[in-house]
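Reminder, nothing fancy here: chain letters follow the sequence lines and each chain counts from 1.
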There are 2 protein chains.
Amino acid sequence: MTFTRTTEYALRALGYMASREGEMLSADQLHAKLKIPKKYLQRLLTDLKRSGLLKSVRGRNGGFILSRRTGDITLAEIVHAVEGTRTRPECFFGFAKCALDVPCAMHDVWIRSQSTVQEALQTTRLADIAGTTFR
Amino acid sequence: MTFTRTTEYALRALGYMASREGEMLSADQLHAKLKIPKKYLQRLLTDLKRSGLLKSVRGRNGGFILSRRTGDITLAEIVHAVEGTRTRPECFFGFAKCALDVPCAMHDVWIRSQSTVQEALQTTRLADIAGTTFR
DNA sequence: GTAATATGCTACCCCAATATAGTATATATT
DNA sequence: AATATATACTATATTGGGGTAGCATATTAC
């Protein structure tokens with residue numbers, strides 16, 4: 001249960017945008033604020049737009065803006081948008097049969113830890129993390 | 001908190017070796033049993049030897065053998081040997097200051113989940129997973 | 001002493017995630 | 001109309017994990 005750097009970027013960017021709900025922010029502004037590689041961020045934002053989480057406006061004074069209310073977007077949704085349907089291993093060791101009949105020693109701990117995070121992702125919303133780092 | 005495939009390989013290999021404690025096993029035997037790419041496994045085993053977890057014997061009838069008792073080696077130790085001191089982010093989002101003064105919304109869940117697994121790694125020993133998959 | 005079977009070592013190749021560069025296109029300001 | 005500032009798109013490095021190949025070296029069996 002680790003996320004790619006890209007996912008981290010997405011959460012950071014959207015988290016910041018949540019703290020300025022209603023404002024249109026350009027990739028450049030976000031880059032300056034969040035220190036995420038400019039061009040990479042640009043593409044990521046475009047992707048997030050394509051996935052429906054953001055709206056974009058081209059041209060001067062353009063930028064990106066959340067397409068829904070911050071209280072309405074779960075972190076799980078964001079992770080899913082960025083990572084797609086990445087199948088996670090059911091067993092800690094990648095043992096094929098473990099989960100079925102012969103749980104390995106780490107099985108319980110692993111599953112519990114996974115679902116803890118997973119549930120948190122589903123219940124935590126953008127509004128909950130808005131501006132965490134920017135005070 | 002996900003591990004590389006290499007770490008998984010190491011845990012698999014050592015787990016199997018634990019189930020045959022005291023026997024000298026060649027990279028080839030392990031490869032045949034565990035379906036881990038031969039050459040890659042070879043190198044991994046050499047690394048594990050260099051890190052002190054295994055002893056090796058060259059030449060005919062040579063191979064690898066655990067250098068300590070299975071009840072004496074923690075999984076944490078193995079992970080550390082393979083991954084080195086990979087610093088994990090303390091904050092779920094990679095927010096620099098989060099852990100310090102302004103915990104993010106995911107902080108507690110994240111830390112708790114991380115340390116749950118971490119503790120399990122420190123308390124689970126090779127003896128506990130010996131031969132898990134091989135019945 | 002030669003063949004067979006091991007580990008040890010070095011140099012590659014492949015691929016996906018990450019990152020960069022350049023150009024095309026849209027729009028507001030002047 | 002021209003300029004400045006945006007996004008959109010495409011192509012191209014870069015990097016690290018994973019994997020392969022070949023030869024050197026050590027040891028046992030014969």
Side-chain angles (χ1 to χ4, degrees), chain A residues 2-14 17 23-67 79 81-89 94, chain B residues 2-14 17 23-67 79 81-89 94:
Chain A
T2 298
F3 301 97
T4 63
R5 184 168 305 189
T6 304
T7 301
E8 187 190 304
Y9 287 165
L11 290 167
R12 289 245 299 277
L14 296 179
M17 294 180 82
E23 286 184 62
M24 179 89 77
L25 298 167
S26 72
D28 213 52
Q29 283 174 293
L30 291 169
H31 158 68
K33 191 74 187 181
L34 303 172
K35 312 294 182 207
I36 297 171
K38 196 145 135 183
K39 285 300 215 174
Y40 197 70
L41 175 59
Q42 169 82 53
R43 244 191 32 192
L44 173 57
L45 292 169
T46 305
D47 287 347
L48 290 173
K49 174 228 163 181
R50 221 178 271 116
S51 78
L53 285 169
L54 296 178
K55 287 179 190 163
S56 72
V57 174
R58 296 174 73 159
R60 195 162 185 166
N61 299 339
F64 297 90
I65 191 170
L66 291 168
S67 59
V79 171
V82 177
E83 306 207 341
T85 51
R86 231 178 40 170
T87 56
R88 297 176 188 292
Chain B
T2 298
F3 301 97
T4 62
R5 183 170 305 190
T6 304
T7 302
E8 187 191 306
Y9 286 165
L11 290 167
R12 289 245 300 276
L14 296 179
M17 294 180 84
E23 286 184 62
M24 180 87 78
L25 298 168
S26 73
D28 214 52
Q29 283 174 293
L30 291 169
H31 158 69
K33 191 73 187 182
L34 303 172
K35 310 296 183 206
I36 297 171
K38 197 144 134 183
K39 284 299 215 175
Y40 197 69
L41 176 59
Q42 168 82 53
R43 242 189 32 192
L44 173 57
L45 292 169
T46 306
D47 288 346
L48 289 173
K49 174 227 164 183
R50 221 179 272 114
S51 77
L53 285 170
L54 296 178
K55 288 179 190 163
S56 72
V57 174
R58 296 174 72 159
R60 196 160 184 163
N61 299 338
F64 297 90
I65 191 170
L66 291 168
S67 60
V79 171
V82 176
E83 306 208 342
T85 50
R86 234 179 36 171
T87 55
R88 296 177 189 293

Tell me: [atom1] of [X] to [atom2] of [N], nearest whole Å?
X: B/Arg60; N: D/dA26; atom1: CZ; atom2: C1'; value: 13 Å
X: B/His31; N: C/dT7; atom1: NE2; atom2: C1'; value: 16 Å
X: B/Lys35; N: D/dG19; atom1: NZ; atom2: C1'; value: 18 Å
X: B/Leu44; N: D/dG19; atom1: CG; atom2: C1'; value: 13 Å
X: A/Asp47; N: C/dA17; atom1: CG; atom2: C1'; value: 13 Å
X: A/Lys38; N: C/dG22; atom1: NZ; atom2: P; value: 13 Å
X: A/Leu41; N: D/dA6; atom1: CG; atom2: P; value: 13 Å
X: B/Ile36; N: D/dT20; atom1: CD1; atom2: P; value: 12 Å

Does a side-chain N or O of [X] approach OP1 or OP2 of [N] to a distance below 4.0 Å, or not?
X: A/Arg58; N: D/dA4; answer: no
X: B/Thr46; N: C/dG8; answer: yes
X: A/Arg50; N: D/dC9; answer: yes
X: B/Ser56; N: C/dG8; answer: yes
X: A/Asn61; N: D/dT5; answer: no
X: A/Tyr9; N: C/dA19; answer: yes
X: B/Thr6; N: D/dG17; answer: no

*Looking only at heavy atoms, what is the nearest atom pair of A/Leu34 and A/Ala13, with distance?*
CD1-CA, 3.5 Å
_Side-chain donor/acceptor of B/Lys39 to base of D/dG18, under 3.5 Å_ =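 Between D/dG18 and B/Lys39, which were checked side chain against base, a qualifying N/O pair under 3.5 Å is absent.
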*Among D/dT7, D/dT25, C/dA6, which nucleotide sits nearest the side chain of B/Ser26?*
C/dA6
*What nucleotide among C/dT7, D/dG17, C/dA17 has an atom nearest to a side-chain atom of B/Phe64?*
C/dT7
_When you measure from the side chain of A/Ser67 to the backbone of A/Leu53, do you find a donor-acceptor pair of N or O atoms at a distance under 3.5 Å?_
yes
*On DNA chain C, check which nucleotide each of B/Arg43 and B/Asp28 is closest to and give me the residue with the more 5' one.*
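So the residue in question is B/Asp28.
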*asked:* Let me spell it out: for each of A/Val57 and B/Lys49, pick the nucleotide of DNA chain C with the closest heavy atom. Which residue's pick is nearer the 5' end?
replied: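 Taking each residue's closest nucleotide, the earlier one in sequence belongs to B/Lys49.
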